[in-house]
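Take a look at the structure set out below.
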2 protein chains.
Amino acid sequence: MGPVSADSDKAAKKTDKRPTATGRRAAVTIYDVARHAGVSPSTVSRALGKPGRMSARMERRIQDAAAELGYRVNPMARALPTGRTHTLGLIVTDFTNPVYFDLVRGAERAAGVAGCTMVLAESQESGEAESNAVERVRPLVDGLVLAAPRLDDEALTAIAQDTSLVLINRVVPDIASVVVDVRDGLTAALDHLRAHGHGSIGYLSGPARSWINARRWEVLLEEAPRRGMHVVEIQTSEPTLAGGRDALRRVRAAGVSALVAYNDLIAIGLLREAQATGLNVPGDLSIVGFDDIFGAELTTPGLSTIRVPLGALGEAAIHVLIGRVNPEEHEPAKTEFVRRQSTGPAAAR
Amino acid sequence: MGPVSADSDKAAKKTDKRPTATGRRAAVTIYDVARHAGVSPSTVSRALGKPGRMSARMERRIQDAAAELGYRVNPMARALPTGRTHTLGLIVTDFTNPVYFDLVRGAERAAGVAGCTMVLAESQESGEAESNAVERVRPLVDGLVLAAPRLDDEALTAIAQDTSLVLINRVVPDIASVVVDVRDGLTAALDHLRAHGHGSIGYLSGPARSWINARRWEVLLEEAPRRGMHVVEIQTSEPTLAGGRDALRRVRAAGVSALVAYNDLIAIGLLREAQATGLNVPGDLSIVGFDDIFGAELTTPGLSTIRVPLGALGEAAIHVLIGRVNPEEHEPAKTEFVRRQSTGPAAAR
DNA sequence: TTGTATGCGTTATCAT
DNA sequence: ATGATAACGCATACAA
């Protein structure tokens, strides 16, 4: 049994509500309010539901009664006849990845102003866990936001079939999504690197199932040659600090002088590992991260990175989900290259 | 595997569900399952609810029927008669504060294994916003966890009166809570500083309404004199990087050679501001943070800090909440001093 | 404008 | 062991 109130005597006496078995008071219902105000329950429902349609005095009386009794609607009970729970779900791959801080905040705030509460779940970078999370959350919510889902198109389409779905940084036919346009930031980064004499760069790639990873690599593949630069993909084991550290061997083998990473975590991991082995950044190696998470500016040198407006992304996803904005009209958020100190002139050969 | 097939025509024909107005299919209910299995709805409810009490063959048949139809219980409908929603709430002060990453993860996982889903809300360091968050979430959940709440004892007691409540890092009479014992880590840090010749240290304090801030300061006040060290409190404007930066002026004025901060954010803010003004850390100033958040090891020098087992804390809070562990038996998690490079010998006078 | 009656999907209390 | 039936709290179509 969970912890219950310390002493229920006083409370019970004061507000005259039948106590439940747990010792906590039973909730006040519209029936209580109705009796207190001398009207019928349905009138109470109306007065509280949509404050427009009745005599102002009556409405006022009911509101007073409700306030006096401390009435609060029971979301579950309301959800049954209406089918709407006023709850939205957000599923991210990894709680501890700082990218999601601002995204979650943006989503939660947008949901809040829309009168909805957020339920959060984590998919731990695995398709199966993601599927479980979706199944657990789905019956509870009016709609679902999946951030960078790892499920395949088919699975996502199946989900979209019976629950409103918005994807972040993933595009699937006939499913609403909110994406960032990585081209601006990426080309700015490439220009910056080229101006510093880097002719050959490496892309530290992200999860194979990640759509946005493929997207980033694709744009690089388009834009680098256009600038007369070579670009190679360098695999990482996971999109974390450890993944970045592990990649150093392959980075050195590749012989590139500059890198763009799938995310800041990988970039920072590599940065630190490089320094640990005596390399100078940016003297020997220039590194560009992605996202501009908390921590990117804390390293020495500060991490040059491509900033993604995460908060705006989370907010936009909710807006699309609740229909406040048409997915068609929603235009991709722009990315921006943030120059710090982890990038500099290429070492002389 | 998803319960519905990608191809809606086949599925619609095969399972004969009436489509809703939105175009999405109506949910399968126990009535559908009952008809399909040739039994009554109440039997289905029992078979699925508590797999013990009926003929194994019947039970099996019902489960098959449910699976075939893709039945999933409706949490809202279930919550009505039972009063239990299988949902737990967690309210933190600030989503973007890295301290909460692990805490949220720990809580979410513990909730998950208990078959509950988490709803998350943010109170933005304000008592009023916290109160709103509580009110919004409360009717939805079976229990609530408040991390470092800013509300006063009275308000919290009132909340505890009609919803199960567990506090993290806050102690209020007759309310269950989960706290860390800061003494171990703090004394280790003090010993470390004294061994390096620091005789006078400053405490960069946190929010005035924060119980854990008072607690940290109190222990410092006890333990520093015991070691023949002076200790002064230095106010900060907010428990963030900016708060740490702003405090530098007062730190220099205070003339201390070492600092312990309320949290890592403040410590890092101060560290960077000190460096920006030409000070050497730890040469001129030794700095100890608190929590060991992501980012603490990324600075140069790496931040010495007092590690708090956040994940375990979040998990413990949920365990207490769902009654898996008695609040009395729950013993405070221990803190540990993590020595990095932001602390060193006091400058010669 | 306000009240009456019914249903939402489940669990629980009865009979059987 | 299984089936009928009554809540649970709210919204709503309909009657007044």
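Within every chain, numbering begins at 1; the chains are lettered A, B, ... in the order of the sequence lines, protein sequences first and strands thereafter. Treat the numbers as computed from the prediction; the structure is a model and nothing was measured.
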Nucleotide nearest [X] when distance is taken to its side chain, options [options]:
X       : options               : value
A/Pro81 : C/dG9, C/dC8, C/dG3   : C/dC8
A/Met54 : D/dC10, C/dT10, C/dT2 : C/dT2
A/Thr82 : D/dG9, C/dG3, D/dA11  : D/dA11
B/Ser55 : C/dG3, D/dG3, D/dA1   : D/dA1
B/Leu80 : D/dC10, C/dG9, D/dG3  : C/dG9

Assign [X] to base, sugar-phosphate, or nothing according to its heavy-atom contacts below 4.0 angstrom with the strands shown.
X       : value
B/Ser42 : base
B/Ser45 : base
B/Met58 : sugar-phosphate

Quiz item: B/Arg46 side-chain donor-acceptor pair to D/dG3 base, under 3.5 Å: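 Pair found.
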No-H, no-angle donor-acceptor pair, A/Tyr31 side chain to D/dC8 base, under 3.5 Å: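 By the distance-only test, no, there is no pair.
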Phosphate OP1/OP2 of D/dG3 contacted by B/Ser40 side-chain N/O (<4.0 Å):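 Yes.
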Phosphate contact (D/dT2 OP1 or OP2) by B/Thr43 side-chain N/O below 4.0 Å: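 So the side chain of B/Thr43 is outside the cut-off, no N or O lying under 4.0 Å from OP1 or OP2 of D/dT2.
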Between C1' of C/dT1 and CZ of A/Arg57, the distance in whole Å: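 Result: 13 Å.
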Distance in angstrom units between A/His86 NE2 and D/dA11 P, rounded: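 About 9 Å, once rounded to whole Å.
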Over all atoms of both residues, closest heavy-atom pair of B/Val137 and B/Ala121: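 Closest pair (atom of B/Val137, atom of B/Ala121, distance): CG2-CB, 4.1 Å.
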Where B/Gly143 and B/Leu321 come nearest, the two heavy atoms and their spacing: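 That closest heavy-atom pairing would be C-CD2, 3.6 Å.
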A/Asp102 with A/Arg109: basic N within carboxylate O range, under 4.0 Å: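 Salt bridge absent between A/Asp102 and A/Arg109.
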Side-chain ion pair, A/Glu108 and A/Arg105, N-O less than 4.0 Å: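 Not counted as a salt bridge, because no side-chain N and carboxylate O are separated by less than 4.0 Å.
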